[in-house]
Every structure is written in structure tokens, then in C-alpha cells.
S.K.: 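Supplied in C-alpha cells, the structure appears directly below.
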Amino acid sequence: MELKLKGIKTEKKKAWTAFSAFIRMRDALKTTGTRTEAVCYSCGKTYPAFGVGCGQAGHLIPGRGNSVLIDEIGVNFQCYNCNINLKGNWVGYERHFLQEHGQKKLDEMKAKKGQSERITAYEWRQIAEKYKQKLKELV
Ligand SMILES: [Zn+2]
């Protein structure tokens, strides 16, 4: 495989873009059975999963540190209002997370927040490729 790496910021951004698309498609299929709409993890309303006015991939653990940025359990479809305007709407997020995964998992996720993790440009590239592939497998 040809590998021309860009700067680490660019690779990280691409990894996030690929991961976010995967999360939104996964949750669209999971919550509405469609490829176009998904239910917000925090408020339970339905929004477009892609395109204009679409929701986002929102984090249980804020801060977007490397240890929590790409996490299939800790990132779920969230509407713009909850993710941005309500700064994650974490009350609704945690309630849903507890129902789905339980307290132990929630504690584990929270403990990750303070961990720092070094991820190289090459690893970001691999993450991007992985999630592009996973998205293809869904659609
Ligand atoms: Zn919402």
C-alpha cells in the first residue's frame, strides 16, 4: 500500500472524519433501521445522519484527548443541539450510557479521561483506513 503521510494534524482529522461517518451510519442502522436518520443518544429525537443539518458523533468523555477520541463505545450519534449548544448534554448521555452499559463501564470510561496516549501520524492513517473499511461493511 502506498503511504504518503501528511502532517499528524491532517492524519488525525482524516481519522476522525472516517470514524465519525462510521459512528453515524452504525447508529442510523441501529436506531432507525435506515441509512439516513439516527436517534440522538442524549435527547432521543431523530435527525439526519448525514448532510445538511445532520447530527454528529458525540463524546461521552469531553476533551477530545487521544485516549477518548476514537472509541466505539464512548462515541455515539448526537444532535447538534445536544453536542454543541448543550455542550454534550451529558445528563442524557450518561443516563443512556448507564442503561446500555452499566456503572462499571461508565467508571472505566471516565478513568480514561486523564490518560494521555501518543498516536503517530501512521497510526492515525491506519485508524482512518480501518473505519473506512468498517463503514463499507455496513452499507
Ligand atoms: Zn439531542
Side-chain angles (χ1 to χ4, degrees):
M1 184 179 71
E2 190 197 358
L3 216 104
K4 277 189 196 153
L5 287 172
K6 306 240 184 326
I8 191 159
K9 276 189 182 161
T10 307
E11 295 297 344
K12 182 173 176 176
K13 205 173 154 211
K14 283 182 179 174
W16 170 253
T17 301
F19 179 70
S20 166
F22 164 74
I23 291 294
R24 285 178 287 147
M25 182 58 76
R26 178 198 70 181
D27 288 358
L29 292 167
K30 183 168 129 186
T31 59
T32 68
T34 73
R35 293 175 168 78
T36 51
E37 290 188 314
V39 176
C40 172
Y41 201 81
S42 292
C43 71
K45 292 181 194 152
T46 303
Y47 289 88
F50 299 93
V52 180
C54 74
Q56 305 175 325
H59 288 82
L60 169 69
I61 308 299
R64 296 176 70 96
N66 285 348
S67 61
V68 294
L69 184 67
I70 306 287
D71 187 311
E72 289 182 31
I73 292 175
V75 181
N76 294 278
F77 182 82
Q78 228 184 5
C79 73
Y80 182 87
N81 189 45
C82 284
N83 195 22
I84 304 295
N85 296 337
L86 301 176
K87 301 195 179 346
N89 187 359
W90 62 268
V91 176
Y93 207 126
E94 272 200 16
R95 193 186 304 132
H96 191 166
F97 192 91
L98 276 170
Q99 283 170 1
E100 198 176 359
H101 301 289
Q103 185 68 50
K104 190 167 171 277
K105 194 76 200 167
L106 181 63
D107 293 342
E108 274 175 37
M109 297 298 295
K110 286 185 171 177
K112 278 185 165 190
K113 188 180 190 315
Q115 295 166 7
S116 63
E117 193 177 322
R118 228 184 105 72
I119 299 179
T120 65
Y122 178 71
E123 287 165 333
W124 286 122
R125 171 66 65 90
Q126 288 179 312
I127 290 168
E129 295 304 324
K130 174 181 161 185
Y131 283 106
K132 277 182 200 161
Q133 189 55 40
K134 288 188 79 153
L135 177 62
K136 269 190 208 152
E137 285 162 15
L138 284 182
V139 294

S.K.: Between Arg125 and Leu5, is the side-chain contact (heavy atoms from CB on, under 4.5 Å) condition met? List the steps.
M.R.: CA-CA 8 Å; Arg125 171 66 65 90; Leu5 287 172; 3.8 Å; yes
S.K.: Are Lys113 and Pro62 side-chain neighbours, meaning at least one heavy-atom pair lies under 4.5 Å?
M.R.: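 Yes. Closest side-chain heavy atoms under 4.5 Å.
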S.K.: So Glu117 and Val68, side-chain contact (heavy atoms from CB on, under 4.5 Å) or not? Walk me through it.
M.R.: CA-CA 9 Å; Glu117 193 177 322; Val68 294; over 6 Å; no
S.K.: Can any side-chain N or O of Ser67 pair as donor or acceptor with the backbone N or O of Lys112 at less than 3.5 Å?
M.R.: yes
S.K.: Has the side chain of Arg24 got a donor or acceptor atom that lies under 3.5 Å from a matching backbone atom of Ser20?
M.R.: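 Yes, because the side chain of Arg24 sits within donor-acceptor range (under 3.5 Å) of the backbone of Ser20.
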S.K.: Does Glu72 form a side-chain contact (heavy atoms from CB on, under 4.5 Å) with Lys134? I'd like the steps, not just the answer.
M.R.: CA-CA 12 Å; Glu72 289 182 31; Lys134 288 188 79 153; 2.8 Å; yes
S.K.: Treating Ile, Leu, Val, Met, Phe, Trp and Tyr as nodes and any side-chain heavy-atom pair under 4.5 angstrom as an edge, say whether Leu98 and Ile61 lie in one connected cluster.
M.R.: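 Linked within one cluster.
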S.K.: Using a side-chain heavy atom cutoff under 4.5 Å and only I, L, V, M, F, W and Y, what cluster partners does Trp16 have?
M.R.: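 Trp16 clusters with Ile8, Phe19, Phe22, Ile23, Met25, Leu29, Phe50, Leu69, Ile70, Val75, Ile119, Trp124, Ile127, Tyr131, Leu135, Leu138, Val139.
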S.K.: Tell me yes or no: between the side chains of Asn81 and Lys45, is some donor less than 3.5 Å from an acceptor?
M.R.: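 Checked: Asn81/Lys45 side chains show no N/O donor-acceptor pair below 3.5 Å.
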S.K.: For residues Asp71 and Gly74, report the shortest heavy-atom separation together with the two atoms involved.
M.R.: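 Scanning both residues completely, I find the closest heavy atoms to be OD1-N, 2.9 Å.
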S.K.: Given side chains that start at C-beta, do those of Leu60 and Leu106 come closer than 4.5 Å, heavy atoms only?
M.R.: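 Contact flag for Leu60/Leu106 side chains = yes.
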S.K.: Salt-bridged, Glu11 to Lys6, with N to O below 4.0 Å?
M.R.: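 So Glu11 does not pair with Lys6 through a salt bridge.
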S.K.: Less than 3.5 Å apart, any donor N or O on the side chain of Asn89 or Tyr41 sitting next to an acceptor on the other?
M.R.: no
S.K.: Do NZ/NE/NH1/NH2 and the carboxylate oxygens of Lys132 and Glu137 come within less than 4.0 Å?
M.R.: no
S.K.: Check His59, Arg26, Lys30, His96 against Asn76 for a side-chain hydrogen bond (donor to acceptor under 3.5 Å, both in side chains) and give me the one that passes.
M.R.: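 Result for side-chain hydrogen bond (donor to acceptor under 3.5 Å, both in side chains) with Asn76: Arg26.
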S.K.: Please check: side-chain N/O of Tyr93 versus main-chain N/O of Cys82, any donor-acceptor pairing under 3.5 Å?
M.R.: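 Not a single qualifying donor-acceptor pair exists.
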S.K.: Has the side chain of Asn83 got a donor or acceptor atom that lies under 3.5 Å from a matching backbone atom of Gln78?
M.R.: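 No: the side chain of Asn83 does not pair with the backbone of Gln78.
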S.K.: Counting N and O atoms only, with roles assigned by atom type, does the side chain of Glu100 sit under 3.5 Å from a partner on the main chain of Phe97, one being a donor and the other an acceptor?
M.R.: no
S.K.: Closest heavy-atom contact between Ala128 and Ala18?
M.R.: O-CB, 3.6 Å
S.K.: Considering only Ile, Leu, Val, Met, Phe, Trp and Tyr, and joining two whenever side-chain heavy atoms are under 4.5 Å apart, list the other residues clustered with Tyr47.
M.R.: Phe77
S.K.: Using a strict threshold of under 4.0 Å (side-chain N to carboxylate O), is an ion pair present between Lys105 and Glu108?
M.R.: yes
